[in-house]
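This report concerns only the one structure given below.
No experiment lies behind these values; they were computed from the predicted model shown.
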Amino acid sequence: MPTTVFRASMHVIAVICFLLIVLILLNNDMPTLSLLTTERIQTFKTLFISILLEAIPFILLGVLLSSLLQTFVSEQTIRRFIPKNPILGILFACVLGILFPMCECSMIPVVRRLILKGMPVYIAVVFIVTGPIINPIVFAATFMAFRNHPAIAYSRMGLAFAVAIIIGLILYRFIKSNPLRISRANFSSEEALEGHQHQGGGISSKLNTFFVHASDEFFEMGKYLVFGSLLTALIQVFMQRESLLAIGQGPISSHLFMMGFAYILSLCSTSDAFVASSFQTSFTSGSLLTFLVLGPMLDFKSTLMMLSVFKSKFVLLLSALILITVLGCSLLLERFSNF
């Protein structure tokens, strides 16, 4: 199964890369060696390092809080506060990230456990798509990245909230079966084994788990940040300004480009705002919001993780819902707002 999942994911990302290349070439002449000037290389290094230095403190803070919650807060504590009413449940899941700010990487395994312990699927999915966005760390990072345009930070929170409510209501209405790959019987055996392994562990064991989880997650997120910063700096410096503006100011092309960009980069939500802010002068505010909302909800990395937890049909349905809803809501917000 992992091999099948990996092959399918490679096909998806190959198609997205191809479409991005076509989109760029339609608005650009073929690059020449004249682009490799000392001034451009120096600009590239400056932009690359500045994105990294701005984002790393927020990644570190997010990783520490995520590991703290992962180690010391149980799933039962979260599940105890879930309302029974579906509307209240969706609203609760939307703001749960404020209380438990976790990155999408650590969230999916936790949510799997919550579903197996009784959490409704629609509430769990809403938590997956909003948790990485609607939390104080991400808001602070977005506000800092767009300090000259703070409306982006508020709009990001509002758009994520609206998208999550729509997706939650659709799933509540149409999804009735369990979409997880693992059965409850297997989960009970797995939980019993983990309980036996952790039996007798005290505060020192938990602290060790905390630091191990934090270091692993920091380096996991760090490699995506480096890749994203590198690709962003390359596009900004070596792609002709006129071509970037042609794509970035298009009513649809700007959104499609940023959707594909967000999916491939797989940036952590605590750092993606710094990448997006470097495109402020080239892309519309609506397309930047599309990037900021879609990335934490759906990217290459999270798709692989969801395919390992959920059934493929459910992942395909959820991915389509996220893509359509984010694009539609972004276009509407851009159409009727003045930011």
Side-chain angles (χ1 to χ4, degrees), residues 42-66 94-95 97-98 101-104 130-163 218 221-222 224-237 241 244-245 247-249 254-255 257-259 261-262 265-297 299 326 329-330 333-334 336-339:
Q42 187 61 41
T43 304
F44 163 76
K45 291 191 292 184
T46 302
L47 183 59
F48 172 66
I49 293 173
S50 66
I51 294 174
L52 278 180
L53 292 180
E54 280 189 307
I56 282 176
F58 291 95
I59 282 189
L60 183 60
L61 180 59
V63 163
L64 290 176
L65 280 178
S66 172
C94 286
V95 299
I98 297 176
M102 294 191 294
C103 183
E104 59 268 27
T130 59
I133 302 177
I134 304 180
N135 70 66
I137 299 174
V138 173
F139 177 79
T142 309
F143 193 87
M144 181 65 66
F146 290 92
R147 47 189 174 271
N148 60 335
H149 195 3
I152 293 288
Y154 296 108
S155 299
R156 184 185 193 184
M157 302 298 117
L159 185 60
F161 191 82
V163 168
F218 178 77
M221 292 298 96
Y224 289 104
L225 174 62
V226 170
F227 173 69
S229 302
L230 179 66
L231 189 56
T232 300
L234 285 171
I235 291 175
Q236 291 279 35
V237 174
R241 183 70 174 174
L244 200 59
L245 285 172
I247 296 174
Q249 299 303 313
S254 58
H255 290 268
F257 181 87
M258 294 308 280
M259 288 173 74
F261 198 48
L265 289 188
S266 299
L267 290 173
C268 180
S269 55
T270 53
S271 60
D272 58 0
F274 296 97
V275 170
S277 64
S278 65
F279 287 96
Q280 279 189 87
T281 58
S282 306
F283 280 73
T284 63
S285 297
S287 63
L288 295 180
L289 277 176
T290 299
F291 175 88
L292 292 171
V293 174
L294 179 71
M297 292 186 178
D299 57 31
V326 170
C329 291
S330 297
L333 183 61
E334 189 176 44
F336 293 105
S337 66
N338 296 318
F339 71 95

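Looking at every heavy atom in both residues, Gly248 comes nearest to Ser254 through O-CB, 3.2 Å. In plain terms, the two heavy atoms of Leu267 and Ser271 that are nearest each other are CB-OG, 4.4 Å. Among all heavy-atom pairs drawn from Ala273 and Ala141, the shortest one is CB-O, 4.2 Å. Of all the heavy atoms in Ser277 and Ala145, the pair that sits closest is CB-O, 3.5 Å. The two atoms that bring Cys94 and Thr130 nearest to each other are CA-OG1, 3.6 Å, heavy atoms only.
The side chain to side chain contact (heavy atoms under 4.5 Å, CB included) test applied to Phe143 returns Phe139, Pro150, Ala153, Tyr154, not counting sequence neighbours. Ala262 is linked by a side chain to side chain contact (heavy atoms under 4.5 Å, CB included) to Phe291, counting only residues two or more places apart in sequence or in another chain.
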- Query: Run the side-chain contact (heavy atoms from CB on, under 4.5 Å) check on Phe146 and Leu292 step by step: do they pass?
  - Reply: CA-CA 12 Å; Phe146 290 92; Leu292 292 171; 3.9 Å; yes
- Would Ser285 and His149 count as a side-chain contact (heavy atoms from CB on, under 4.5 Å) if you check the C-alpha gap in whole Å, the side-chain angles of each, and the deciding distance to 0.1 Å? CA-CA 10 Å; Ser285 297; His149 195 3; 3.5 Å; yes
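When side chains are defined from C-beta on, Met157 counts as touching Val138, because their heavy atoms get closer than 4.5 Å. Considering only heavy atoms from C-beta on, Ser330 comes within 4.5 Å of His255 through its side chain. Counting only heavy atoms from C-beta outward, the side chains of Ile152 and Gln280 never approach each other to under 4.5 Å.
Using modelled atom types, no side-chain atom of Ser269 and backbone atom of Pro296 make a donor-acceptor pair closer than 3.5 Å.
Between Phe279 and Phe283, the ring planes are perpendicular. Angles over 60° get that label, and only those under 30° would be called parallel.
Using a 3.5 Å distance cut-off with no hydrogens or angles, the side chains of Glu334 and Thr284 do pair a donor with an acceptor.
For the salt bridge (charged side-chain N to carboxylate O under 4.0 Å, His left out) condition, the pairs that include at least one residue of residues 144-161, sequence neighbours left out, are Glu54-Arg147, Arg156-Asp272.
Once rounded to the nearest 0.5 Å, the distance linking OG of Ser278 with CZ of Phe48 reads 12.5 Å. Rounded to the nearest 0.5 Å, atoms CG (Leu159) and OG (Ser337) are 10.0 Å apart. With rounding to the nearest 0.5 Å, the separation of CD1 in Ile133 from OG1 in Thr270 is 12.0 Å.
For the side chain to side chain contact (heavy atoms under 4.5 Å, CB included) criterion with Ser155, the lone passing option out of Thr142, Leu289, Leu288 is Leu289.
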